[in-house]
A.B. asks: 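Encoded as structure tokens, here's the structure I'll be asking about.
Computed from a predicted structure; not experimentally measured.
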Amino acid sequence: RVVILWKFFAVMNLSESLHGSQLQAAVRMAVATSPAIDVHTHLFPQQHGGLLLWGIDELLTYHYLVSEFFMVAPASLRHADFFALPKSKQADLVWKHLFLERSPISEAQLGVLTCLRKFGLGEHLLQKDLAAIRAWFEKQNSLEHTDRVFELAGLRYVVMTNVPFDQREADTWVRPTAQIDANTHCFEETDVLEQTFCSKRFKTALRCDPILKGDWGTISACLVARGLPDTLDSARTFLRAWAKVYSPEYIFASTPADFVYGSADVPRQPGWPTATTMIDEVMLQVAKELGLPVALKLGAKRGMNEALNPCGGGDGVCISDVGPLEEICRSNPTVKFLATFLSRVNQHEVCVLAQKFRNLHIYGCWWYCNNPSIIEEITRMRLEMMHTAFTAQHSDSRVLDQLVYKWSHSRRIIGDSLCRQYALLDEVGWAITQEDVQRDVWRLLGGSYEEFLARDFTTEATDVKEAMQGAISEVKEFMPVPPPPQPSSATMCQSWRRQGRNFERFCLAKGSVGCGCC
């Protein structure tokens, strides 16, 4: 990859303007060869043993394909019976029904084939020989295979998802009985396990979904297990201790489908704090103390079909209310937020939101949006609305090998979308050099992410606040008294209510004369 890039650039003057086909070729070459950052994955290093998923059986039994398999599986085959089979037998069934009895034309199917081709298994692919493909993977060393995958995907590093509330994952970092000292806010040094994986290749993220779910039961149990009382103060201590263990890039959480933030939020159980309380008094407080960004994923509907949950495939998609993210960004101007949305419907609104809040960074095409037609649509829209101030893609990979196809397919689409925008620049007479192209591609493939994380909004927010207060004080005496709000028609508000989501921010008739939708 590096040699090809060097040969291409060696014959070019980096400051010379590019036009037409030469410009298009330069863009596609830069996108195809520039090292990228995968800012969100579910991968683990080889040193974490069974948590690392890789190989043909893991590829074939990933929930994308298992869900597609059950669309056409024999009606007599129950989900429970399928998941009771050994992984190899599950893979055999998926291969039979999705690759032999049908042409593998879906994105998930093509992804498996791209991986095999990139691994040099073209002959086995031609023969559709699953046994030979399986035998090849069995001969591979997982550490060497990791090197090969990173090279083929062209990655600088990936960001893992590390869950301190999951005992199996936590045991790879600290001893199972490790306790947290409430005074020092950390584990005993002898209880923290030495990590031998390459931290330059695998970076960490501290995941705390129970906070956004308002799941105090899970949080309380974990606090007690670590020798802490079940209080909000202890929850903060818990996050601080794990942040010291992980040294995370950011704090991370995925919202539930019924996520509510603000005054409309209610406890999940009597006596529990609300999700809003835990977000404000635990997650955001710790983020501010430690200077950590907060990454959010919005729009998953967990457990849509619980029969598919054993493979992680039971979750669906829902349209999110962007209002909570807007309010969180507004209320916490010194905190850096990263966000990605699962529903295609939300993408335009969140582009506008990112234009309005400098402490918000949009990244990737998540999960059900990670299909070529949708990636193209979203990437073009983002380029048109946010130039290069976003991160074009993240893989969300759970199987190591998926990095190969997800980045190969995405690079092609990103290159096409960028070529279109550069053609418009060329058409109006703007000079574009190879140096410009390399800079822009670097930003789209992770550079903007690193630039965003490096910004200090503490100083910027203070300057803005002082300027606003000064401006307001100057004009306040000339501002007319606004008329009282007029009650709006209840019909529209009631229709919002019937959708079962929180639209309190839209209600213009709050209070005793309101429509009751809030």
A.B. asks: Is a donor on one side and an acceptor on the other found under 3.5 Å between the side chain of N359 and the backbone of V335?
C.D. replies: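 Confirmed, N359 side chain pairs with V335 backbone.
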
A.B. asks: Heavy atoms, side chains only, cut-off 4.5 Å: are S410 and N370 in contact?
C.D. replies: yes

A.B. asks: For W242 and N162, test the side chains for any donor-to-acceptor distance below 3.5 angstrom and give the result as yes or no.
C.D. replies: no

A.B. asks: Decide yes or no on side-chain hydrogen bond (donor to acceptor under 3.5 Å, both in side chains) for H361 and S448, but give the supporting numbers first.
C.D. replies: CA-CA 9 Å; H361 183 84; S448 285; 5.8 Å; no

A.B. asks: Regarding E169 and R207, does a basic nitrogen lie under 4.0 Å from an acidic carboxylate oxygen?
C.D. replies: no

A.B. asks: Given side chains that start at C-beta, do those of L325 and F259 come closer than 4.5 Å, heavy atoms only?
C.D. replies: no

A.B. asks: Would you please classify the geometry between the W95 ring and the F99 ring as parallel, tilted or perpendicular, with 30° and 60° separating the classes?
C.D. replies: parallel

A.B. asks: ring-ring contact (aromatic ring centres under 6.0 Å, His included), that's the test. Do F82 and F70 meet it? Break it down for me.
C.D. replies: CA-CA 10 Å; F82 174 82; F70 272 105; 5.3 Å; yes

A.B. asks: For L77, is there any backbone N or O sitting under 3.5 Å from a side-chain donor or acceptor partner on D81?
C.D. replies: no

A.B. asks: Looking at Y363, is its backbone amide N or carbonyl O close enough to the side chain of T340 to form a donor-acceptor pair, meaning the two atoms are under 3.5 Å apart?
C.D. replies: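 Yes; judged by distance alone, with no hydrogens or angles, the pair exists.
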
A.B. asks: Check K118 with D401, please: is the shortest side-chain N to carboxylate O separation under 4.0 Å?
C.D. replies: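 The answer is no: the pair does not qualify as a salt bridge.
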
A.B. asks: Output yes when a side-chain donor or acceptor of D315 lies under 3.5 Å from a complementary backbone atom of G312, and no otherwise.
C.D. replies: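 Pair absent, no side-chain N/O of D315 close to backbone of G312.
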
A.B. asks: Yes or no on ring-ring contact (aromatic ring centres under 6.0 Å, His included) for F202 and F150, after CA distance, side-chain angles and deciding distance?
C.D. replies: CA-CA 11 Å; F202 289 93; F150 268 72; 5.5 Å; yes

